[in-house]
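Presented below is the structure to which this report refers.
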Amino acid sequence: MTNTPEGRVREERYNAAEIEPRWQRIWDDEAAFVAPKGNPDAPYYVLEMFPYPSGRIHMGHVRNYTQGDVIARYKRAKGHTVLHPMGWDAFGMPAENAAFERKSHPAKWTYANIDAMRSQLKRLGPAIDWSREFATCDPSYYGKQQALFLEMLEAGLVYRKNATVNWDPVDCTVLANEQVIDGRGWRSGAMVERRELTQWFFKITEFAEELLDGLDDLKNWPDKVRLMQANWIGRSSGLTAQFTRTDCDDTIAVYTTRPDTLYGASFVAIAADHPLAKSLAESDPKVADFCKKCAVLGTSEEALEKTEKRGLDTGLSVCNPLVPDMKLPVYIANFVLMDYGTGAVFGCPAHDQRDLDFARKYGLNVTPVVLPAGADPDDVTIDAEAYTGPGTVFNSGPLDGMAVEEAKTKAIEIAEEKGWGAGATTFRLRDWGVSRQRYWGCPIPVVHCPTCGVVPAAKQDLPITLPDDVTFDTPGNPLDRHPTWRQTTCPKCGGDALRETDTLDTFVDSSWYFLRFAGLDKDAPFDSAAANHWMPVDQYIGGIEHAILHLLYARFFTRALQRCGLTEHSEPFKRLFTLGMVCHETYQAGDGRWVMPEEVDKSGDKAVLRETGEALTVGRSEKMSKSKKNVIDPDDIIAQYGADVARWFVLSDSPPERDFLWSDVGLEGSWRFIQRVWRVAGQCLDACSEDISEKPAALSDGALALHKHTHKAIDAVSKALEGMQFNKAVAAMNSFVNGIDTGISGDGAAWAVREAADTLARLIGPMAPHLAEELWAELGHDDRLYRAPWPQVDPAMLEEDTVTIAIQIRGKLRDTIDVPKDLDKALVEERALAQPKITAAIDGQTVRKVIVVPNRIVNVVI
RNA sequence: GCCCACGUGGCGGAAUUGGUAGACGCAAGGGACUUAAAAUCCCUCGAUCUUUUUGAUCGUGCCGGUUCGAGUCCGGCCGUGGGCACCA
């Protein structure tokens, strides 16, 4: 028992239930984490991807927000002024589904979820600036988003065109890809059709080049994310060529990245929604039928690509423009995408696997035109595998003898000279369709006027708010059915007009929220000066599942708003860290229903339902999800062990970028560690001195050893936190605490113990902040730990004067020796070869070579 | 199908980025303390063989390669996960 400075009696155990809420109140009362207005020095913006308010916080959130919090607290200790806000990505389908299932309004459901999740989150004690909190479904947010939409419309970055959607013919509603299961609507079970609607698009393709080139400057993004984005944008260079029909003068524009293989062409294929296919379908029922079959797959690329490649011969043929006497049949094919290139391709089966499969299926020619190095031109056969490697072009008239790249350039040159084609750079990236036929989203601020056409809403009419009096008992968009909401007047002519009833894709909501956090403003979408000061986000943290879409859209939005003059930055996120997911095994009862882990009793590999003893099937560990009920509620853990134990645990085991396999047993270990810190700190309090300001002139061996131990811990923990290797920071803290010896004596012993205790509190501060503040107060500090600076390493204390060197013989470890650090290579070699185990192993054989790596290893080659 | 990752003891993982594989933790086993339990502390802990120790061989998903030396680099497989544009 130790008396604390405040006269309280120190408890035997760390009492989370008492200590944690107390510190949370103090932080709150002191507005500890509210970022200052104005332009503070050394700004640091930490942001975790904001959550969708699905109902309850799950361990994935705990992991994400704890990691962001460690960075926020660490950067503050390092002297930064930190902005660490929180909000809610609150529009989306689940709220409408809940409305449909429970007959409650999406807004009510969403705000109730936000309240529940906010209080759960606060129990973790995060250093968040709650004064900037907002939800994207607040009219004060989405109204500003409508203003941004109008800005972008004015800047020519928004337009309308037709696009295909999944149409459920029974429910008469548009379905998300997620709602299409095996080609059927999830509720009606009807076969889904593709249907064309006029929709709003953002011109992201106008930024394709700069979004691609900009990746090179994002040095602190994971390489894999940059690569995925580069592939997604997909720049390719090739040729757009006109293939003239043999029956008339019309041409079909074909895009290819392989103009070098034009002599190997054996067919032309067009998309089922190509204008030519559509016009053929009008007169030919066989074509119409085939096109209709192509349309039942839904709109996802995965579904299209996985389906069997099929084609229909239209009976038409075209001339190969490079080889005028070569006639090619024209097919309609289900694998050609209207959205990419020109919606038409030529097939060269010898050098493209998909084309080869197609040619084999429909009995088309296979003519090799690229010769691999060393192959015999008279003996080239293509069987089941197309040749896609480098080589020399042959069988190809003017291109003969050229290397592939050279032949591509030459073919484009000929096309441009003769006028039947032109070199073209194409992107895989498509414009971003943002229209959604749903209620729970941001209304698109335009008006349809019978006389003026599509007219932007007047800025003074914003926000255009969602009506509250809607019902979800019938499928489809309630805004369409609302008796009065649509009716308005045209901002241009003042006549009767109708509002747009589509709402914006929820990805729009999350494409600029970081700007509003930084420059929260009553009137503007964001205060540009404030946003420019905080932006770009210094550290962005979130799930790897957002590697492409969310991150690309946010990058696009930032550039688009820069063009509109609203921000000076072109990239939103300076440093990105992507997290793995939290997984748990699943439990399923005989009737197929899923069972929550808390209802299960497990012994070995067997699991039973606790209440009834019914046997359960144990499934593999996968991403925690509501649908499979394999979720752990953090509230139970916080109630039982406390927030710091929960935080410590999610930081401890897996490296953050890897998936985290949940296990309850690990929690006990974290609990023991927190208790251990409490006990060791208590021992320190008994043995330490009050005054730490002056380092004593002399230190006993024990004091010096502890002093060194402390500085090694500072070094290890700092490096781990800088690299976001929280599991390594935890390991370093374990070693530190294990090695704090309070039983030392002699010169400076009390000082060294005091230094260790202070350092202990500071180093665990970012990870276990409640415990750390409590220890800091116990140590008699007047000020708060959250305002205390990070400890500094004395580099001299990290030096060792001896090193252990491994001695290998032909790469196999035979012995180790301790030598003075930086000992001369020749001396190291001499000593190594003199070791009895080494002489015995060499056993008189000739030593051919000795490799000496300073301070590390000696390898003897015999 | 395409793009991107990942794969190390019973388990989570570490390995100074090509240099002693298994740090740290969990689980397990043994012991101390205790009337007992909890808590705490100490010891053992990749596999096989051998041995009192010493030691030997194998070992980082599989097959091959580069190197004095490979968990790390290269090529080819297998498996798992993420994304595929209307899930967020």
Side-chain angles (χ1 to χ4, degrees), chain A residues 12-13 49 51-52 54 89 91-94 163 165-166 174-180 199 204 222-225 227-232 234 298-307 309 335 339 353-354 428-438 505-507 509-510 543-550 552-553 578 580-581 583 620 622-623 652-655 657-661 663 665-670 672-673 675-676 679 725 727-728 730-735 738 804-816 837 848-851 853 855-862:
Chain A
E12 293 282 343
R13 290 199 182 169
M49 292 177 186
Y52 177 78
S54 55
D89 187 15
F91 276 136
M93 285 200 310
V165 294
N166 300 308
V174 177
L175 297 178
N177 283 338
E178 191 190 50
Q179 298 169 317
V180 179
Q199 311 218 43
I204 188 171
D223 287 342
K224 62 175 170 181
V225 175
L227 192 55
M228 279 190 266
Q229 292 217 350
N231 289 338
W232 184 262
T299 57
S300 85
E301 188 178 316
E302 185 190 1
L304 289 177
E305 288 286 334
K306 272 189 179 165
T307 195
K309 309 289 179 284
F335 58 82
D339 290 321
Q353 192 59 45
R354 195 179 57 190
R428 205 186 77 98
L429 182 68
R430 310 198 294 258
D431 274 335
W432 175 13
V434 292
S435 297
R436 298 292 180 270
Q437 296 69 43
R438 280 189 255 288
D505 178 7
T506 58
F507 271 121
D509 310 340
S510 54
I544 183 65
E545 68 273 19
H546 296 293
I548 296 174
L549 291 179
H550 161 60
L552 191 62
Y553 291 149
T578 52
M581 291 164 309
C583 302
R620 73 186 168 88
E622 55 188 306
K623 178 177 172 174
S652 65
D653 269 10
S654 293
E657 68 276 14
R658 232 188 268 184
D659 288 349
F660 183 101
L661 305 172
S663 78
V665 283
L667 257 170
E668 297 283 341
S670 296
R672 274 203 290 271
F673 176 80
Q675 295 305 335
R676 193 178 162 81
R679 264 198 324 276
Q725 298 168 302
N727 57 324
K728 283 164 76 173
V730 164
M733 285 305 298
N734 266 308
S735 303
N738 287 344
T804 303
I805 287 189
I807 309 170
Q808 301 181 329
I809 289 177
R810 267 181 290 169
K812 281 199 174 168
L813 181 72
R814 293 297 167 196
D815 204 358
T816 60
K837 282 185 195 167
R848 296 217 311 259
K849 198 159 134 193
V850 179
I851 286 143
V853 180
N855 298 329
R856 201 146 290 171
I857 205 164
V858 174
N859 192 9
V860 181
V861 188
I862 52 176

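All chains are named by letter (A, B, ...) in the order of the sequence lines, taking the proteins before the strands, and each is independently numbered beginning at 1.
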Integer-rounded Å distance: rC87(B) C1' and E178(A) CD: 4 Å

Syn/anti state of rU20(B) by chi, 90° boundary around 0: anti

Distance-only donor-acceptor test (3.5 Å): side chain E301(A), base rC84(B): no

OP1 or OP2 of rC2(B) under 4.0 Å from side-chain N/O of N231(A): no

Under-3.5 Å donor-acceptor pair between Q199(A) side chain and rC86(B) base: yes

N859(A) (side chain) and rC68(B) (base): donor-acceptor pair under 3.5 Å: yes

Which residue lies more 5' along RNA chain B, comparing I544(A) with W232(A) via nearest heavy atoms: I544(A)

Among rG82(B), rA14(B), rC68(B), the nucleotide that comes nearest once only the side chain of E545(A) is considered: rG82(B)

Separation of atom NZ in K728(A) from atom C1' in rA14(B), rounded to whole Å: 8 Å

Length of the CD-P vector between Q725(A) and rG25(B), whole Å: 18 Å

Atom-pair distance (CG on N727(A); P on rA23(B)), nearest Å: 15 Å

Sugar-phosphate, base or nothing in reach of L429(A), heavy atoms under 4.0 Å: base

Distance, rounded to the nearest Å, where R672(A) contributes CZ and rG25(B) contributes C1': 10 Å

Which nucleotide in rA14(B), rC86(B), rC68(B) has an atom nearest any side-chain atom of Q437(A): rC86(B)

Below 4.0 Å: OP1/OP2 of rC86(B) and any side-chain N or O of R436(A): yes

Of the listed nucleotides rC26(B), rG13(B), rA88(B), the one nearest the side chain of D89(A): rA88(B)

Pair N738(A), R676(A): side-chain N/O donor-acceptor within cut-off below 3.5 Å: yes

Whole angstrom value for the distance that separates P of rA5(B) from CD of Q229(A): 14 Å

Residue-phosphate contact under 4.0 Å: K812(A) side-chain N/O, rC58(B) OP1/OP2: yes

Sequence-distant partners of E302(A), salt bridge (charged side-chain N to carboxylate O under 4.0 Å, His left out), two or more places apart: K306(A)

Sugar-phosphate only, base, or nothing, as touched by R438(A) at under 4.0 Å among non-hydrogen atoms: base

In rG31(B), glycosidic geometry as syn within 90° of 0 or anti otherwise: anti

Check: R679(A) side chain, rU40(B) base, donor-acceptor under 3.5 Å: no

Nearest listed nucleotide, side chain of R13(A), among rG1(B), rG7(B), rA39(B): rA39(B)

Protein-nucleotide distance (L552(A), atom CG; rA88(B), atom P), rounded to Å: 17 Å

Which nucleotides of RNA chain B pair, in dot-bracket form (Watson-Crick or G-U under 3.5 Å, | meaning another strand): (((((((..(((......[....))).(((((.......))))).((((.....))))..(((((..]....))))))))))))....

Atom pair distance, as rounded to whole Å: CH2 in W432(A) and C1' in rC84(B): 17 Å

